[in-house]
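Just so it is clear, the structure is predicted and the values come from calculations on it, not from any experiment.
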Amino acid sequence: MGIYGDRILPRVIDRVCGMPANDKLRRRLCAGLSGRALEVGFGSGRNVPFYPETVTRVSAVEPADLGWQMAAKRVAASPVPIDRAGLDGADLPFEDNSFDTAVSSWTLCTIPDLPRALAEIRRVLVPGGTFHFLEHGLAPDAGVRAWQRRLDPIEQRIAGGCHLDRDIRGAIEAAGFEVAEVDRFYSPGAPKFFAALSLGFAESP
């Protein structure tokens with residue numbers, strides 16, 4: 001990825017996604033996680049403080065070495081065992097039915113082959129397992145969507161392949177999940193084209 005992608009972009013993402021205002025969203029995201037959990041797009045471990053006591057172990061999928069290094073203190077302080085167990089969300093190194101729950105935050109926008117990654121998450125979840133997601137994507141308002149489509153090529157270039165206009169719920173349902181709950185809203189204090197969030201969970205039949 002070069003110096004920008006390897007050394008600079010992970011720090012930018014950590015700063016943007018690590019704003020204190022996001023903590024309450026992460027708490028909602030992680031509520032209900034239990035058993036053995038998979039986190040795709042672990043980043044710098046910003047979700048770690050919000051894992052509930054019902055989680056017994058976390059397998060972290062994170063391609064950026066710097067992101068994992070930045071997570072070291074949070075991983076070390078976690079009462080839940082956490083291991084870095086994969087680099088690519090579209091090619092998970094786990095057996096079928098390996099996890100009770102899975103979680104992603106500000107991740108699905110960037111994975112190049114999103115349908116394959118969601119299929120992989122569903123494959124490694126037990127039947128009835130839950131996938132918790134907090135993602136930005138396609139806005140509910142036509143005017144904002146128009147700006148997202150205009151700006152998306154620029155966003156991809158400067159933000160490591162991030163897409164502004166992915167239909168998060170649609171992609172999850174297309175992968176065979178049943179969306180049980182989703183809250184769509186604009187994150188306050190950020191441009192709407194970047195701040196259209198989907199927070200919820202889906203079940204693997």
When rounded to the nearest 0.5 angstrom, what is the spacing between [atom1] in [X] and [atom2] in [Y]?
{"X": "Met70", "Y": "Ile13", "atom1": "CE", "atom2": "CD1", "result": "9.5 Å"}
{"X": "Ile172", "Y": "Leu118", "atom1": "CD1", "atom2": "CG", "result": "6.0 Å"}
{"X": "Asp91", "Y": "Arg116", "atom1": "CG", "atom2": "CZ", "result": "5.0 Å"}

Non-hydrogen atoms of [X] and [Y] that approach each other most closely:
{"X": "Pro10", "Y": "Leu66", "answer": "CB-CD2, 4.0 Å"}
{"X": "Leu164", "Y": "Phe193", "answer": "CD2-O, 3.8 Å"}
{"X": "Cys162", "Y": "His136", "answer": "SG-NE2, 3.3 Å"}
{"X": "Ala119", "Y": "Ala175", "answer": "N-CB, 4.4 Å"}
{"X": "Asn22", "Y": "Cys17", "answer": "ND2-O, 3.1 Å"}
{"X": "Leu197", "Y": "Ser187", "answer": "CD1-CB, 3.7 Å"}

Can you tell if the side chain of [X] reaches within under 4.5 Å of the side chain of [Y], non-hydrogen atoms only?
{"X": "Phe42", "Y": "Asn47", "result": "no"}
{"X": "Asp165", "Y": "Arg145", "result": "no"}
{"X": "Val182", "Y": "Arg184", "result": "yes"}
{"X": "Trp147", "Y": "Pro191", "result": "no"}
{"X": "Leu29", "Y": "Phe50", "result": "no"}
{"X": "Arg166", "Y": "Leu108", "result": "no"}
{"X": "Ser59", "Y": "Asp83", "result": "yes"}
{"X": "Tyr51", "Y": "Glu39", "result": "yes"}

Taking NZ, NE, NH1 and NH2 as the nitrogens, is one of them in Asp96 or Arg123 under 4.0 Å from a carboxylate oxygen of the other?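 The answer is yes: the pair qualifies as a salt bridge.
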
Flag for [Y]-[X]: side-chain donor and acceptor within less than 3.5 Å:
{"X": "Ser105", "Y": "Arg46", "value": "no"}
{"X": "Thr107", "Y": "Glu135", "value": "no"}
{"X": "Asp14", "Y": "Ser44", "value": "yes"}

From CA spacing to verdict: side-chain contact (heavy atoms from CB on, under 4.5 Å), Leu125, Ile121: CA-CA 6 Å; Leu125 280 174; Ile121 294 171; 4.2 Å; yes

Going through the distances and angles, do Val61 and Asp88 end up as a side-chain contact (heavy atoms from CB on, under 4.5 Å)? CA-CA 7 Å; Val61 175; Asp88 185 354; 5.8 Å; no

Pairs where residues 168-180 contributes a residue and the test salt bridge (Lys or Arg N to Asp or Glu O under 4.0 Å) is met, not counting sequence neighbours: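 Every salt bridge (Lys or Arg N to Asp or Glu O under 4.0 Å) pair that includes a residue of residues 168-180, provided the two are not neighbours, is Arg169-Glu173.
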
Enumerate the residue pairs fulfilling salt bridge (Lys or Arg N to Asp or Glu O under 4.0 Å) with a member in residues 187-205, sequence neighbours excluded, ordered by first and then second residue.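 Listed by first then second residue: nothing to list.
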
Run the salt bridge (Lys or Arg N to Asp or Glu O under 4.0 Å) test against Asp65 and tell me which residues pass, sequence neighbours left out.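 Expected list: Arg84.
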
Counting distance only, does the side-chain N/O of Thr54 pair as donor-acceptor with the main-chain N or O of Leu33 below 3.5 Å?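 Between the backbone of Leu33 and the side chain of Thr54 there is a qualifying donor-acceptor contact (under 3.5 Å).
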
Taking the six-membered ring for Trp, is the centroid-to-centroid distance between Phe133 and Phe201 below 6.0 Å?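 When the ring centroids of Phe133 and Phe201 are compared, they turn out to be at least 6.0 Å apart.
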
Evaluate the criterion side-chain contact (heavy atoms from CB on, under 4.5 Å) for residue pair His163 and Gln156; output intermediate values, then yes/no. CA-CA 6 Å; His163 292 261; Gln156 289 185 55; 3.3 Å; yes

